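Notes to accompany the following structure.
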Amino acid sequence: MQLIDSGNAYYAFDSAEELDALRKDAESRKETFQYDCRSRNGLNNSLTISSEQTKQRLESGAHYTIRLKVPENTTIEFDDLIRGHVSVRSENIDDKVLFKSDGMPTYHLANIVDDHLMEITHVIRGEEWLPSAPLHVLLYRFLAWQAPLFAHLPLLLKPDGNGKLSKRDGDRMGFPVFPLEWNDPKTGEKSSGYRESGYFAEAFINMLALLGWNPGDEREVMTVEEMSQAFSLERVSKSGAKFDPVKARWFNHQYMMHKPVEELAAEFENELKKHGLELFDHQTMLTITQMLRERADFIKDLPASGAFFFKAPTEYNEVDLKKHSTADSGTWLASLSAIFATTEWTQENIDTAISSFISSNSVPAGKLYNILRIAVVGNSSGPHLADILFLLGAAETSKRMDSLIANL
RNA sequence: GGCCCGUUCGUCUAGUCGGCCUAGGACGCCAGGUUUUCAUCCUGGAAAUCAGGGGUUCGAAUCCCCUACGGGCUACCA
């Protein structure tokens with residue numbers, strides 16, 4: 001109302017169908033129809049009819065919208081905290097609908113009123129809002145309200161090709177887009193979330209913060225505390241950033257290494273219980289977690305990569321076995337098993353036993369270590385071998401060696 | 001199409017007043033090492049003629065202009 005009285009807004013009686021037709025028509029001539037300061041004088045609104053007629057129409061209950069009257073021939077300017085000075089000619093801004101025909105305000109009006117009432121000082125939003133910022137500036141001006149400071153953040157782009165990141169990309173390439181999993185109530189579509197994919201909240205925030213911003217020094221892994229200390233809008237970059245799923249995993253790994261082992265072990269234990277596996281004592285669980293975390297990106301990977309601690313391998317990795325087994329593998333394992341039987345079971349002694357076996361029998365070290373690893377783990381990767389054997393115990397170790405010998 | 005914004009290694013970026021930039025770091029990649037594996041760790045390496053072209057200047061990734069390319073917006077959505 002205030003805007004209409006001050007002449008900065010007007011009633012528009014054009015129907016959606018009429019405008020639609022105009023748009024189609026313009027399109028067929030390869031032009032664009034825009035409801036703005038140049039076209040409004042030829043359209044059906046309170047600017048083109050007398051105030052008497054306007055009054056009549058309003059009283060007769062005709063459908064109408066209220067549009068902003070963008071001034072002619074001026075340049076709207078404002079300073080964006082990230083982009084600097086931005087200016088747009090008023091002819092390029094259309095007379096946006098402020099109130100819809102159902103009497104509800106549109107986002108543009110509601111946004112301004114709401115922010116003003118809440119005494120918002122900084123409007124920080126995505127770059128896709130930049131084109132409508134001049135409109136908002138105008139609204140603040142017409143309402144004689146103090147405009148907030150604007151900052152338009154760069155967009156997150158798809159990892160491959162161009163364009164802004166959408167939830168489809170995540171599904172397509174197998175990484176989450178939303179922080180939390182959510183179900184679209186309208187379509188029933190389910191989108192995966194970072195939390196559900198095993199990302200730590202801190203790692204997620206850290207990764208996201210570094211996309212389009214940096215502290216100005218070479219730090220990358222930072223706590224929320226450190227980031228908020230270092231943060232300033234001035235250091236936000238202007239160009240869009242492609243999201244990198246690989247680096248996202250790296251960030252999570254960093255937090256795997258920094259988090260207290262107890263925390264990881266607790267979650268790890270929960271996962272194991274779900275699989276119905278029997279756990280070791282608390283201290284040993286901590287040791288195992290410590291060994292496993294070094295080569296894992298997520299807690300959820302721990303049960304699979306450390307399964308051998310809790311259960312003898314039921315099958316051996318074909319490729320690894322082929323690569324590391326020789327005609328002598330069985331004989332070596334048998335001899336070594338005999339040596340282990342008389343070895344006092346400490347990491348150091350195990351290491352010594354293996355290396356002296358290698359040197360005294362001129363056995364190729366790589367072949368021996370790997371076949372032994374395959375026997376206890378099932379494949380040729382994992383933590384330091386002596387540490388594994390020590391935790392497993394002499395009896396279990398020998399049992400697993402026998403099993404592999406039988407399978408060679 | 002129109003308008004607005006952007007453009008430094010494959011990717012994220014440093015580069016704040018032009019000289020210290022033969023452009024730095026990180027992820028990834030490659031090689032070597034940790035006298036066993038590896039997804040860890042260490043060391044090293046390849047990788048951007050700073051989108052292209054003009055200008056300003058003693059000197060430009062840094063300032064200006066043009067072009068190209070990319071993105072965003074273009075609803076009685078937000």
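A quick note: this is a predicted structure, and the numbers were derived from the prediction, not measured. Values below: every heavy atom of this structure, side chains too, minus hydrogens, waters and symmetry copies. Reminder, nothing fancy here: chain letters follow the sequence lines and each chain counts from 1.
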Next on the checklist: With rounding to the closest Å, how many angstrom separate the P atoms on G44(B) and G6(B)?
Outcome noted: 38 Å
Checklist entry - Does the G2(B) base have a donor-acceptor partner in the side chain of T32(A) within less than 3.5 Å? => result no
Next on the checklist: Quick check on C73(B): is either OP1 or OP2 less than 4.0 Å from any side-chain nitrogen or oxygen of R125(A)?
Outcome noted: no
Item to check | Cation-pi check, R57(A) onto Y64(A) ring (under 6.0 Å, within 45° of axis) | outcome: no
Next on the checklist: Going by purine N1 to pyrimidine N3 plus the second Watson-Crick contact, or the G-U wobble pair, all under 3.5 Å, which nucleotide sits opposite C20(B)?
Outcome noted: none
Checklist entry - Is the shortest distance from a Lys or Arg side-chain nitrogen in E202(A) or K259(A) to a carboxylate oxygen in the other one below 4.0 Å? => result yes
Next on the checklist: Taking any heavy-atom pair under 4.0 Å as a contact, classify I374(A): base, sugar-phosphate, or nothing.
Outcome noted: nothing
Checklist entry - How is R373(A) classified with respect to the nucleic acid when contacts are heavy atoms under 4.0 Å: base, sugar-phosphate, or nothing? => result base
Next on the checklist: Using OP1 and OP2 only, check whether a side-chain N or O of K164(A) sits under 4.0 Å from C73(B).
Outcome noted: yes
Next on the checklist: Between C50(B) and U34(B), how far apart are the two P atoms, rounded to whole Å?
Outcome noted: 41 Å
Checklist entry - With sugar-phosphate meaning primed atoms plus P, OP1 and OP2, does K96(A) contact a base, only sugar-phosphate, or nothing at under 4.0 Å between heavy atoms? => result nothing
Checklist entry - Counting any heavy atom closer than 4.0 Å, what does G126(A) reach on the DNA or RNA strands: base, sugar-phosphate only, or nothing? => result nothing
Checklist entry - Hey, is the side chain of S101(A) pairing donor to acceptor with the base of C76(B) inside 3.5 Å? => result yes
Checklist entry - At under 4.0 Å between heavy atoms, what does S380(A) touch on the DNA or RNA strands: base, sugar-phosphate, or nothing? => result base
Checklist entry - Under 6.0 Å between ring centres, would you say that holds for F200(A) and Y255(A)? => result no
Checklist entry - What nucleotide, of A75(B), A78(B), C12(B), holds the atom closest to the side chain of R23(A)? => result A75(B)
Item to check | Distance-only donor-acceptor test (3.5 Å): side chain H384(A), base U36(B) | outcome: yes
Item to check | Salt-bridge criterion met for K399(A) and E396(A) (N-O under 4.0 Å) | outcome: yes
